[in-house]
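Inspection log for the structure reproduced underneath, given as structure tokens.
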Amino acid sequence: MSPSGTFTVLIVDDEELARAVVREHLEAHPEIRILGECANGFEAVKMAAELKPDLLFLDIQMPKLDGFEVLELLDPQPEVIFVTAYDQHALRAFEIHAVDYLLKPFSEERFEEALAQAKNRLSQGRPVPVEAATLSASAKAEWPMDRIVVKDGTKVTLIPLATLDYIQAQDDYVLLKTPEKGHLKHQTLASLEKRLDPNRFLRIHRSFIIQLDRLARLEQTRSESWMAVLKDGAKLPVSKSGYGRLRDIISIEI
Amino acid sequence: MHPIVGNRARLWAYLLAWAPVGGLLAVRVAASNVPVVAALAIGMLGAYFAAFAFLSSFYLCRAMPIHTSRTPVMVGTWMIATILMGLLWAAGVNLLVVQIGRIYAPLQGIRLHLLASATTGSTLYLLTVAIHYLLIATDRAREMVRSEQEQRVHAREAELKALRAQLNPHFLFNSLNSISALTSIDAKRARQMCVLLSDFLRRSLKLGERTSVCLAEELELIQNYLAIEEIRFGTRLRIELVSDPEAEAAQVPPLLLQPLVENAIKHGISQIPEGGLVLIRTRRFEDFVEVRVENPVDEDAGTPEGLGLGLRQVKQRLEGRYNARTRFEATLQGGGFRVLLIFPLETESPERRLP
């Protein structure tokens, strides 16, 4: 928020009429400048990165990227008011410190209340950025992850989990390895691990998680020391505890 | 699963039933001037040797189901098996008698006439085979009744869930939100949408009360539904409906098609920024009706595995109503999703109410 008390917003919703309602309510506030409207997740990430709005009105179910994925890719993160017809994501929204969660259709009073809270927060200074880790961890079982979003400059890539061979920790980043290439994402391996289906992905080492169906065999290098050989030939180290977990899983499947 | 060994009660009955057979054998043996005790011992030996040895006939029975096997093959196989098992039985019983004779005086020195005994063995074998076939048939019939009942239960559950889900709350909330937007932009269209929404609700509640509706009514309902979605999605949603008048008299479970169209929008159109075309086609061929719903999907998004709940219910309801005379296909191919239903053209509403 600028010293004059004005602030900027971006409206993100795939339905024209849904955006129109928000726009109409905002028109009563001369201190608010609407920077633009986006009809899908990709556009939202691009415009938000470019225009750096103070506040987002964000739908959740949208083409390309959902609202949470959009937020995950923004740095710095603006304040956000979710606007959706689905009430089941409210808990998750508040866990990542959303200002408010408006259920469609909403009344003018309810909208003003949300807006007042946003102003309040913005006047208190910089929002605390939410880590990708928190965002990821906020996803509960009812919102299972089936893909990972990665932003490289302005380019957003969706990586379906099914295409992953393995994930490697590299300092503050994770390397997501698919048969074609590797993608870097700013996140810790531990926080990513929490969101992965333990029946499909397994931590075999401090720095490695593999997709289980990619595993071809285990190779013993010395006594007590093992390597996981993937179907494409890649060899990854297996720690002692990783070996224990692998053995459990492999023996169940036989 | 062996029809006798796999069932404790049957196994006892089976073993018990061999006792009188042993008695009959004993009478036959006694006729050739063998002391009664020895005759009884031989009779029982023979009966219980047969009881256990002939259990193996199940594997041949299973390999040659009575309805589907070719007669010459069956007759040939059973003839060979009968002769072999008869001989095996005679030789086995003879061996037992000789061995036991060494330590049990009454059986000492007794030998069986192999060929004559083999005839008895063969007869017993054929009898056992008949029992096996009978039990297998009984089990199959029972299994069929059970699976049919199961299917009916599934279908009924699907019916109930479908009726409950006829009103997807998110559809309702999103529609109301559109109305809320339209009230200040275009009051006329807001009113039009209120009417469409009310029509849709009234119609789907009505149809949901019945067990059977005609396809034409179903098509009206989805047109109503699509008219609402057209206002919500604007130019993103395009619709093409081609209906064969000859198919429209077909009786179907109510609200069968609405989930297909809803699915096409939720997982297709609404996931694509520029939207696309939802294609609905009905066709009659011979005594069947084919319904096809096609929509584009976003190829970049991860493809969900398996059928969603809505589509699975449609499949179950079709199977519950038409048993094997229906087909349900869902295919994802080249950026498009297609659902194909085929079911018999029945113009009479089935009397069968849900139990």
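In this text the structure is predicted, and so the values were computed from the model without any measurement. Below, chain A is the first sequence line, B the second, and so on; all start at residue 1.
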Exercise. Which distance, rounded to the nearest 0.5 Å, do you find between the CG of L17(A) and the CG of L182(B)?
Worked result: 4.5 Å
Exercise. Rounded to the nearest 0.5 Å, what separation is found between the CG atom of D14(A) and the CD atom of Q271(B)?
Worked result: 8.0 Å
Exercise. Counting only heavy atoms not in R281(B), do more than 12 sit closer than 6.0 Å to its CZ atom?
Worked result: no
Exercise. CG of D87(A) to CZ of F173(B): how many Å apart, nearest 0.5 Å?
Worked result: 7.0 Å
Exercise. Does a sphere of radius 6.0 Å around CZ in F94(A) hold more than 12 heavy atoms from other residues, nucleotides or ligands, not counting ones at 6.0 Å or beyond?
Worked result: yes
Problem set entry | I269(B) portion near chain A, given a 4.5 angstrom heavy-atom threshold | neither
Exercise. In this structure, are over 12 heavy atoms from other groups packed under 6.0 Å from D152(A) atom CG?
Worked result: no
Exercise. Measuring heavy-atom distances to chain B, does A18(A) have an atom under 4.5 Å in its side chain, in its backbone, in both, or in neither?
Worked result: both
For this session: Please examine the side chains of S270(B) and Q61(A), heavy atoms only from C-beta on, and report whether any two atoms are closer than 4.5 Å.
Result: no
Exercise. Is it the case that more than 12 heavy atoms not belonging to K315(B) sit under 6.0 Å from its NZ atom?
Worked result: no
Exercise. Can you tell me how far the OG atom of S178(B) sits from the NZ atom of K104(A), to the nearest 0.5 Å?
Worked result: 8.0 Å
Donor-acceptor pairs under 3.5 angstrom involving side-chain atoms of residues 186-196 of chain B: please list them, not counting sequence neighbours.
residue : atom : partner : partner atom : Å
D186(B) : OD1  : K188(B) : N            : 3.4
D186(B) : OD1  : R189(B) : N            : 3.2

Problem set entry | Exceeds 12 heavy-atom contacts within 6.0 angstrom, atom CZ of F106(A) | yes
Exercise. About how many Å separate CD of E15(A) and CG of N174(B), when rounded to the nearest 0.5 Å?
Worked result: 5.0 Å
Which pairs of donor and acceptor atoms, one on a side chain in residues 329-341 of chain B, lie under 3.5 Å apart (sequence neighbours left out)?
residue : atom : partner : partner atom : Å
E329(B) : OE2  : R327(B) : NE           : 3.1
E329(B) : OE2  : R327(B) : NH2          : 2.6

Exercise. Just how far is it from atom CG of N40(A) to atom CD1 of I272(B), taken to the nearest 0.5 Å?
Worked result: 11.5 Å
For this session: Write down the atom of R236(B), the atom of P63(A), and the distance for their closest heavy-atom approach.
Result: NH2-CG, 3.5 Å
